[in-house]
Protein chains: 2
Amino acid sequence: MSQDAPKVDTSLSDGVYARVRDLLREGELVPGQRVSEADICSRFNVSRTPAREAIHRLLNEGFLTAGSGGRPVVAEIDIDRAEEIYDMREAVECLAARLAAKRARTNDLLDLRRILDEQRDGCENEVDFLEINDRFHGCIYRISGNRYVQRTASILLVSAGMIRGSTQGQYNYDSWSLSEHEAIYRAIENGDSAAAEEAMRRHTRNGRFQRIALITNQKER
Amino acid sequence: MSQDAPKVDTSLSDGVYARVRDLLREGELVPGQRVSEADICSRFNVSRTPAREAIHRLLNEGFLTAGSGGRPVVAEIDIDRAEEIYDMREAVECLAARLAAKRARTNDLLDLRRILDEQRDGCENEVDFLEINDRFHGCIYRISGNRYVQRTASILLVSAGMIRGSTQGQYNYDSWSLSEHEAIYRAIENGDSAAAEEAMRRHTRNGRFQRIALITNQKER
DNA sequence: AAAGCTTTATTTGGATACCAATCGCATGGC
DNA sequence: GCCATGCGATTGGTATCCAAATAAAGCTTT
C-alpha cells in the first residue's frame with residue numbers, strides 16, 4: 001500500500017552492525033570497553049567476515065574508536081565529543097526540517113501525526129520515549145528526501161543517544177519534548193521551512209544544553 | 001617537528017579506498033560503470049579482502065550505489081543527487097566555517113594563508129585548482145576540530161567533485177573562487193563566526209548554481 | 001621487592017580456497 | 001520472434017592459514 005517497501009534483505013553484516021549499534025545504545029557495551037572480532041563472532045554466531053565489516057563501519061562512523069594498537073573500543077563520549085555531536089546534529093537536523101517542510105505530502109504528515117499521538121498517549125517510560133523520539137526524527141529524515149541527511153543524521157541521533165548512556169535516569173523526557181515536536185510538526189504542516197528550521201534549532205539546542213549540563217554535573221560529582 | 005604525525009600506517013583497505021575515490025574524482029570510473037571486486041583486485045594487486053572493504057565503504061558513503069542485483073556501480077549523479085549533495089554541503093561547510101572562526105590559531109591561519117597564496121600564484125589549470133580547493137576546504141574542516149564535520153564534509157567535497165566529472169571543461173574556475181576564499185579567510189582571521197558562515201554560504205551557493213546550471217545545460221544539449 | 005627484559009599469547013589485516021544464492025546473458029526450443 | 005532453460009560471473013559468507021604488532025605474563029637482575 002505505502003510506497004516504501006522496507007527492503008529487509010538485510011545482509012548479515014548489516015544485521016550485525018545494527019545489533020551492535022543497539023547494544024551501544026542500550027549501554028550493554030560501555031565506553032572504553034574493548035570490542036573484539038571474537039566478541040562479535042561468538043555473541044552473534046557469525047564468522048569473522050560480517051563481524052569485521054560491522055566493526056569497520058562502526059569505526060568509520062565514530063561509534064568505536066581505535067584504542068591501543070588500533071584495536072577497537074567503544075568511543076568515550078566526553079564533553080568534547082558531545083559538543084561535536086551536537087554541533088553537527090544542529091546543522092543536519094535543521095537542514096532535515098527545512099527540507100521536510102518543503103517536501104512533505106499528506107501521507108508524510110499523517111506519519112508524523114501518528115508518531116506524535118503515540119508520544120502523547122503511549123509514552124510510559126524513558127525507553128518508550130527514546131524509541132518514539134527516534135521514530136519522529138527518523139521520519140523527518142526520510143521526508144527530507146536527502147540520502148546524505150538520512151545517513152548522517154541517523155548516526156548522530158544514535159550517537160546522541162549514547163550520551164544518555166552516561167547520564168541514565170537523570171533525564172526527564174516528557175516535560176519539553178512533546179511541545180517542541182508539535183511546533184516542528186506545525187511548521188512542516190504549513191510548509192514553512194524557515195519556521196521548521198527554527199523550531200528544530202530550538203529543539204536540538206534545548207536537548208543539547210540539558211545533556212551537556214548533565215555530563216558536567218556527573219563529572220563533578 | 002610539526003605536531004601532526006601523518007600516521008601513514010595506511011592499512012591496505014584504506015589505501016584501496018582512497019585510490020578508488022581518486023579514480024572516481026578523476027573520472028577514470030564513470031557513473032553507471034560496474035565496479036566489481038575482481039576489477040579492484042587486479043587493478044591494485046590485492047586480494048578480495050581489502051577490495052571488499054573498500055567497496056563496502058564506498059557504497060556506504062554514497063560513491064557507489066547498488067545496481068541490479070545489488071552489484072556496485074559508480075553512483076549516477078543526476079540533478080536530484082547533486083541537489084542533495086549541495087544541500088548537505090551548505091549545511092556542513094557553513095558549520096565548519098563557523099567553528100573554524102572560533103577555533104583558529106595563528107598556525108591555522110598561516111596554513112590557510114599559504115594555500116590562498118598558492119591559489120593566487122600557482123594555479124595554472126583546472127586540476128591544480130581542484131587540488132588546491134580541496135586543500136583549502138580540507139584545512140577548514142581540520143581547523144573546525146569536529147570529527148563528524150571532517151568526515152562528512154570530505155565525503156561531500158569529493159562527491160561534489162564527481163559532479164564536475166560530468167561537466168568537464170565547461171567550468172571556469174579562477175574567476176570567483178579566489179575572492180570568495182579570501183572573504184572566508186578574513187572572517188576566520190577576525191574570529192567572526194557569523195561572517196565566516198555567511199561567506200561560506202555565498203561560496204557554496206555560488207558553486208552550486210554554477211554546477212547545477214551546467215548539468216541542466218548538458219542534459220538539454 | 002621493584003624495575004627491566006624476554007617470551008608467550010591475543011588480536012587484527014590480509015590471502016586463499018571454497019560454497020551457495022543470485023543475476024545476467026546467451027543459447028536453444030517453440 | 002519470443003520465452004525458457006541453463007551456464008557463467010559476481011557476491012556474501014565460512015573456514016584456514018599466515019605475519020605483524022601489541023599486551024600480558026614470566027623471568028632475571030639488582
Side-chain angles (χ1 to χ4, degrees), chain A residues 5-24 28-76 151, chain B residues 5-24 28-76 151:
Chain A
K7 199 65 162 296
V8 278
D9 74 14
T10 309
S11 80
L12 201 41
S13 294
D14 294 345
V16 171
Y17 162 80
R19 293 175 70 180
V20 174
R21 224 179 55 167
D22 286 343
L23 291 182
L24 292 171
E28 180 70 22
L29 298 173
V30 301
Q33 185 175 345
R34 284 285 338 272
V35 177
S36 72
E37 295 177 3
D39 284 348
I40 306 300
C41 291
S42 62
R43 196 188 285 263
F44 301 117
N45 279 320
V46 295
S47 78
R48 277 184 71 194
T49 307
R52 277 176 71 163
E53 269 165 17
I55 287 177
H56 284 138
R57 187 167 164 195
L58 292 162
L59 277 168
N60 189 25
E61 295 177 350
F63 294 112
L64 306 178
T65 56
S68 71
R71 285 171 176 74
V73 297
V74 178
E76 306 263 6
R151 185 172 312 278
Chain B
K7 201 63 162 301
V8 277
D9 74 15
T10 310
S11 79
L12 203 42
S13 294
D14 294 345
V16 170
Y17 162 79
R19 292 175 70 180
V20 174
R21 224 178 56 166
D22 286 343
L23 291 182
L24 291 171
E28 179 71 20
L29 297 173
V30 300
Q33 185 175 344
R34 284 286 338 272
V35 177
S36 72
E37 295 177 3
D39 283 348
I40 306 300
C41 292
S42 62
R43 197 187 284 263
F44 300 118
N45 279 320
V46 294
S47 79
R48 277 184 71 193
T49 307
R52 277 175 72 163
E53 271 166 18
I55 287 178
H56 285 138
R57 187 167 165 196
L58 292 161
L59 278 168
N60 189 24
E61 294 177 350
F63 294 112
L64 305 179
T65 56
S68 70
R71 283 165 177 74
V73 297
V74 178
E76 305 263 6
R151 185 173 314 278

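In what follows, chains carry the letters A, B, and so on, assigned in the order in which the sequence lines appear, proteins first and then strands, with residues in each chain numbered from 1.
Judged by distance alone, the side chain of B/Arg21 and the main-chain N or O of B/Phe63 form no donor-acceptor pair under 3.5 Å.
We find that A/Arg34 and A/Asp39 are not joined by a salt bridge, their nearest charged nitrogen and carboxylate oxygen being 4.0 Å or further apart.
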Sugar-phosphate or base contact per nucleotide [nucleotides 10-15 of chain C; S, B, -; heavy atom under 4.0 Å]: -BBBBB
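Separating the CD atom of B/Gln33 from the P atom of D/dT10 is a distance of 13 Å, rounded to the nearest angstrom.
With respect to B/Ser13, the side-chain hydrogen bond (donor to acceptor under 3.5 Å, both in side chains) criterion is satisfied by exactly one of B/Arg52, B/Glu53, B/Arg57, B/His56: B/Glu53.
For A/Arg48, the salt bridge (charged side-chain N to carboxylate O under 4.0 Å, His left out) criterion is met by A/Glu37, not counting sequence neighbours.
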Yes or no on side-chain contact (heavy atoms from CB on, under 4.5 Å) for A/Phe44 and A/Leu12, after CA distance, side-chain angles and deciding distance? CA-CA 10 Å; A/Phe44 301 117; A/Leu12 201 41; over 6 Å; no
